[in-house]
Peer 1: 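Here it is, the structure in full.
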Amino acid sequence: MSGPQLQVIGDPVLHSKSPLLHRAMLSMLGLDLPYTAHVVPKGGLPEYLAWAKAHQVIGFNATMPHKEDLIPLMDRLDEDATRIGAVNTVCLREGRFIGHNTDAGGCLAALVESGLWPRSQVVVLGAGGAAKAVALKLAASGAQRVWVCNRTVSKAQALADADPHRVLAAADFSPRTLAGLCAQAQLVVNCTNLGMAGCGQFQDFSFLDALPREAGVFDLIYHPTETRLLAQARARGLAVSNGLPMLVHQAVLALEYFLDRPLDRGSMARAATAALTGAAS
Ligand code: NAP
């Protein structure tokens, strides 16, 4: 392929929604810029980066297993990528690699758009890669307290210890603990795999009963579009959102970095969402 191009890399990567999202936005902008998916196995980043430089790749997105491995390979990192220790968007400018993390900003934008933010006390479920991006971003964006509740409490504690703002606090994942924390929370964000197609399921939703009536529940999962957690929250009259808006907004932010200019985020998000929901029907 000759001429500037964009890519997404990972392993597996062929299921990635990024080509669909970016092609829809590029088409809306009238830009003839190819965006393709490439399998890059773990350990293959140095070879890929050399290849990208030689083939006019002006930017790429990265998914598992590369987000953390990219950190030492970048010439520069933005604030979110530094804070989170993971990169999902890379720009190539004048031979230098600049690493960004748009998962964090994408989640915040989705919370703002859905009316679930600002929320003073937040319960984050999970302490994996996504929870790290979300919890540290919320802590840096004005949350008063973010409780990180995880099955493996040591991982929640390590995440809380990494917060320079001292807003994060670790807790376990028992129904009793969750109910106690939810009684003071305005937002619950599910960053575990529970409820995702093919994964496990919450055994107990009683913690939702403890939430104040005006609280919201945000689930990062978008497949299925409504998890049992969201259905249970909606049945209790709570405001809810699935993870599709986060997926869309992280892509909008990535495209702004790739093109090095601000975009009309609302119309970009609408184009990306239409492509996704059209593809799903
Ligand atoms: P990860 O690093 O593997 O973390 C998984 C988390 O789920 C861990 O905290 C793990 O707890 C917890 N967990 C797994 N099984 C559990 C169970 N049976 N009971 C209790 N906790 C359990 O995964 P990730 O990359 O953070 O992704 C998490 C979810 O976010 C996935 O569903 C992913 O699709 C979604 N996501 C969505 C977006 C978006 O744009 N909407 C972006 C990123 C991720 P332990 O630490 O105890 O194992």
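Every number for a ligand or one of its atoms is a count from 1 in the order of the listing. Numbering starts at 1 and runs along the sequence shown.
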Peer 1: Tell me, please: is Met246 in heavy-atom contact with ligand 1, that is, under 4.0 Å?
Peer 2: yes
Peer 1: Who's the nearest protein heavy-atom neighbour of atom 37 (C) of ligand 1, and how far?
Peer 2: Leu220 O, 3.4 Å
Peer 1: Has Gly200 got any heavy atom lying under 4.0 angstrom from an atom of ligand 1?
Peer 2: no
Peer 1: So does Glu113 have more than 12 non-hydrogen atoms from other groups sitting under 6.0 Å from CD?
Peer 2: yes
Peer 1: Purely on distance, is any nitrogen or oxygen of Leu244 under 3.5 Å from one on ligand 1?
Peer 2: no
Peer 1: Heavy-atom distance to atom 33 (C) of ligand 1: which of Lys17, Gln203, Met196, Lys67 wins?
Peer 2: Met196
Peer 1: Does the plane of the ring in Phe202 sit parallel, tilted or perpendicular to the ring in Phe205? Use 30° and 60° as the thresholds.
Peer 2: tilted
Peer 1: Taking only heavy atoms of Gly129, which atoms of ligand 1 are found under 4.0 Å from at least one of them?
Peer 2: 2 (O), 26 (O)
Peer 1: Could you tell me if Asn242 and Thr225 have a donor-acceptor pair between their side chains, going purely by distance under 3.5 Å?
Peer 2: no
Peer 1: For atom 12 (C) of ligand 1, what is the nearest protein heavy atom, given as residue, atom name and distance?
Peer 2: Thr192 CB, 3.8 Å
Peer 1: Students should be able to answer this: which protein heavy-atom is nearest to atom 16 (C) of ligand 1, and at what distance?
Peer 2: Arg151 NH1, 3.4 Å
Peer 1: I need the nearest protein heavy-atom contact for atom 44 (C) of ligand 1: residue, atom name and distance, please.
Peer 2: Ala130 CB, 3.7 Å
Peer 1: Kindly say whether Cys199 contributes a backbone atom to a donor-acceptor pair with the side chain of Asn193 at under 3.5 angstrom?
Peer 2: no
Peer 1: Any nitrogen or oxygen of Lys155 lying under 3.5 Å from a nitrogen or oxygen in ligand 1? Just yes or no.
Peer 2: yes
Peer 1: Any donor-acceptor pair under 3.5 Å linking the side chain of Thr102 with the backbone of Gly105?
Peer 2: no
Peer 1: Relative to the ring of Tyr257, is the ring of His100 parallel (under 30°), tilted (30 to 60°) or perpendicular (over 60°)?
Peer 2: parallel
Peer 1: Within the distance-only criterion (no hydrogens, no angle test), does the side chain of Arg23 pair as donor or acceptor with the backbone N or O of Tyr35 below 3.5 angstrom?
Peer 2: yes
Peer 1: Quick one: which ligand 1 atoms are inside 4.0 Å of a heavy atom on Ala127?
Peer 2: 9 (O)
Peer 1: Please report which non-hydrogen protein atom sits nearest to atom 31 (C) of ligand 1, along with the residue it belongs to and the distance in Å to one decimal place.
Peer 2: Asn193 OD1, 3.3 Å
Peer 1: Using the side chain to side chain donor-acceptor pair (under 3.5 Å) rule, take Ser18 and Asn61 through it: C-alpha gap first, then chi angles, then the decisive distance, then the call.
Peer 2: CA-CA 8 Å; Ser18 291; Asn61 289 118; 4.6 Å; no
Peer 1: A side-chain contact here means heavy atoms from C-beta on lying under 4.5 Å apart; do Leu211 and Val217 qualify?
Peer 2: yes
Peer 1: For atom 4 (O) of ligand 1, which candidate among Gly243, Gly128, Ala251, Ala133 provides the closest heavy atom?
Peer 2: Gly128
Peer 1: With a 6.0 Å cut-off on ring centres, are Phe258 and His22 close enough?
Peer 2: yes
Peer 1: Answer yes or no: does an N/O atom from Thr152 fall short of 3.5 Å to an N/O atom of ligand 1?
Peer 2: yes
Peer 1: To which protein heavy atom is atom 11 (O) of ligand 1 closest, and what is the distance rounded to 0.1 Å?
Peer 2: Asn150 OD1, 3.2 Å
Peer 1: If you measure every N/O of Gly126 against every N/O of ligand 1, is any gap under 3.5 Å?
Peer 2: no
